[in-house]
Protein chains: 2
Amino acid sequence: MGASKNMLFDDGQNNLAAIFKALAHPARIAILQELLKRNSCVCGELVDVLPLSQATVSQHLKELKQMNILQGEIEGKRVCYCINKDTWSTISNEIAGFFEQINQTKTCCNE
Amino acid sequence: MGASKNMLFDDGQNNLAAIFKALAHPARIAILQELLKRNSCVCGELVDVLPLSQATVSQHLKELKQMNILQGEIEGKRVCYCINKDTWSTISNEIAGFFEQINQTKTCCNE
DNA sequence: AATTATCATCGTAATATTGCAATAACAAAA
DNA sequence: TTTTGTTATTGCAATATTACGATGATAATT
């Protein structure tokens, strides 16, 4: 198989899993960190920063764009990438909400 | 390929990506939500709740245990699962830190 | 128009993930 | 000790992901 049976789970579960999946690769973390670090968007230099080929970087960027985490703007013959702040705060809140669900009272067998 | 070139990224990036990867499946989200929802640990009923076979559920549990997100305690012939709250808060903080890095000033080309 | 620079896409290979049936492991109960 | 109940593991098969060379597309430069 290898195909996850998405239809068996609800939208919230699938959506949250998709967000995590988009972030589940060190190259994509590195891309986002680079974008976060700079006080400007990155126009083309990402390939130089990453230890991967241009084709591979482009693929990772595509995944992040598909999730709307990044937006790309064509600037002459370069493309300018930056983080979509709306999406960023949305998913940040969704993830925070997921983690906050935990019950702080003593509940486990072994406590 | 299919093998991510982990050695080319730093520990922080690999670690964060591994956390996201552990959470990047709707079944694992569902497992965690079930554990979060109850005010006790789940001792065996997880397979009934999930639309997957026992073998598959066991595999997902294994992944979560490997990341120390879950802990399992043997209780007679059942196993009692609960969230490892230490790990939970640690990764919650790491992820929150990642998302907070964003610079709130206007920085993108298209703004 | 030809060249150059930059990014996307295609094709392909290698590896990883997901899923389940079958079966093993193991403890409790009979 | 045999049986029963529960979870883990093994052994596939199917699909997804990662990576990169080659190539395509497009815009600026010459």
Side-chain angles (χ1 to χ4, degrees), chain A residues 1-9 13-14 17-31 34-35 41-67 70-82 109-110, chain B residues 1-9 13-14 17-31 34-35 41-67 70-82 109-110:
Chain A
M1 314 251 161
S4 77
K5 304 173 80 173
N6 291 335
M7 63 299 296
L8 299 177
F9 299 97
Q13 290 161 343
N14 285 323
I19 291 169
F20 285 129
K21 192 190 264 184
L23 303 172
H25 195 287
R28 294 195 288 275
I29 298 293
I31 288 170
E34 189 65 29
L35 288 167
C41 25
V42 174
C43 302
E45 303 126 63
L46 274 176
V47 175
D48 304 330
V49 174
L50 295 173
L52 296 170
S53 75
Q54 184 268 325
T56 305
V57 173
S58 184
Q59 220 172 244
H60 284 301
L61 288 168
K62 187 182 177 184
E63 286 185 66
L64 292 169
K65 275 187 288 180
Q66 274 171 344
M67 288 298 290
L70 294 190
Q71 51 197 176
E73 193 90 345
I74 295 171
E75 292 247 315
K77 63 185 160 188
R78 284 165 163 263
V79 175
C80 168
Y81 290 107
C82 57
C109 329
N110 48 333
Chain B
M1 318 248 158
S4 78
K5 304 173 81 171
N6 292 336
M7 64 295 298
L8 300 177
F9 299 97
Q13 290 161 344
N14 284 323
I19 291 169
F20 286 129
K21 193 191 263 186
L23 303 172
H25 195 288
R28 295 195 287 276
I29 298 292
I31 287 170
E34 189 65 27
L35 288 165
C41 25
V42 174
C43 303
E45 305 126 61
L46 273 175
V47 176
D48 304 330
V49 174
L50 295 172
L52 296 170
S53 75
Q54 184 268 324
T56 304
V57 173
S58 184
Q59 219 171 246
H60 285 302
L61 289 168
K62 187 182 179 185
E63 286 185 67
L64 292 170
K65 274 188 287 183
Q66 274 171 342
M67 287 299 291
L70 293 190
Q71 52 196 178
E73 194 89 345
I74 295 170
E75 294 245 314
K77 63 184 160 190
R78 283 164 164 261
V79 175
C80 169
Y81 291 107
C82 57
C109 329
N110 48 331

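Chain identifiers are assigned alphabetically (A, B, ...) following the order of the sequence lines, protein sequences preceding nucleic acid strands; residue numbering begins at 1 within each chain. Only heavy atoms go into these numbers, but all of them, side chains included; no hydrogens, no water, no symmetry mates.
Nearer to the 5' terminus of DNA chain D, by closest-nucleotide assignment, is the contact made by A/E63 (compared with the other of A/K77 and A/E63).
When the nucleotides D/dA8, D/dT18, C/dA8 are ranked by their closest atom to the side chain of B/Y81, D/dA8 comes out on top. Among the nucleotides D/dA8, D/dT9, D/dA27, the one closest to the side chain of B/A55 is D/dT9. For A/S53, taking side-chain heavy atoms from C-beta onward, the closest of the listed nucleotides D/dT29, C/dA8, D/dG21 is D/dG21.
For A/K65 and C/dT9, the NZ to P distance is 7 Å, given to the nearest whole Å. If you take NZ of B/K62 and C1' of D/dT9, they are 7 Å apart, rounded to a whole angstrom. We find that CD of A/Q59 is positioned 8 Å from C1' of D/dT17, with the value rounded to whole Å. Remark: P of D/dA27 and CD1 of A/I74 are 7 Å apart, rounded to the nearest angstrom. Here D/dA27 presents its P atom at 14 Å from CD of A/E75, a figure rounded to the nearest Å. Note: CZ (A/R78) to P (C/dA8) measures 12 Å, nearest angstrom. The distance between atom CD of B/Q54 and atom P of C/dA25, rounded to the nearest whole Å, is 15 Å. When rounded to the nearest whole Å, the span between CG of A/L64 and C1' of C/dA8 equals 15 Å.
Expressed to the nearest 0.5 Å, how far CZ of B/F20 lies from CD1 of A/I19 amounts to 10.0 Å. The structure places CG of B/L23 at 11.5 Å from CD1 of B/I31, a figure rounded to the nearest 0.5 Å. Here the straight-line distance linking atom OG1 of B/T56 with atom CD of B/Q54 works out to 8.5 Å at 0.5 Å rounding.
A close approach under 4.0 Å does not occur between any side-chain nitrogen or oxygen of B/H60 and OP1 or OP2 of C/dT17. Within the structure, every side-chain polar atom (N or O) of A/T56 is placed at least 4.0 Å from both OP1 and OP2 of D/dT18. Between A/K21 and D/dT17 there is a side-chain polar atom (N or O) within less than 4.0 angstrom of OP1 or OP2. Taking only side-chain nitrogens and oxygens, A/R28 comes nearer than 4.0 Å to OP1 or OP2 of D/dT18. Between A/S58 and the phosphate of C/dC7, there is no side-chain N or O to OP1/OP2 separation shorter than 4.0 Å.
Here the options are B/Q71, B/E73, B/K65, the test is side-chain contact (heavy atoms from CB on, under 4.5 Å), and the partner is B/Y81; only B/K65 passes.
Using cut-offs of 30° and 60° on the angle between ring planes, the pair B/H60 and B/H25 is tilted.
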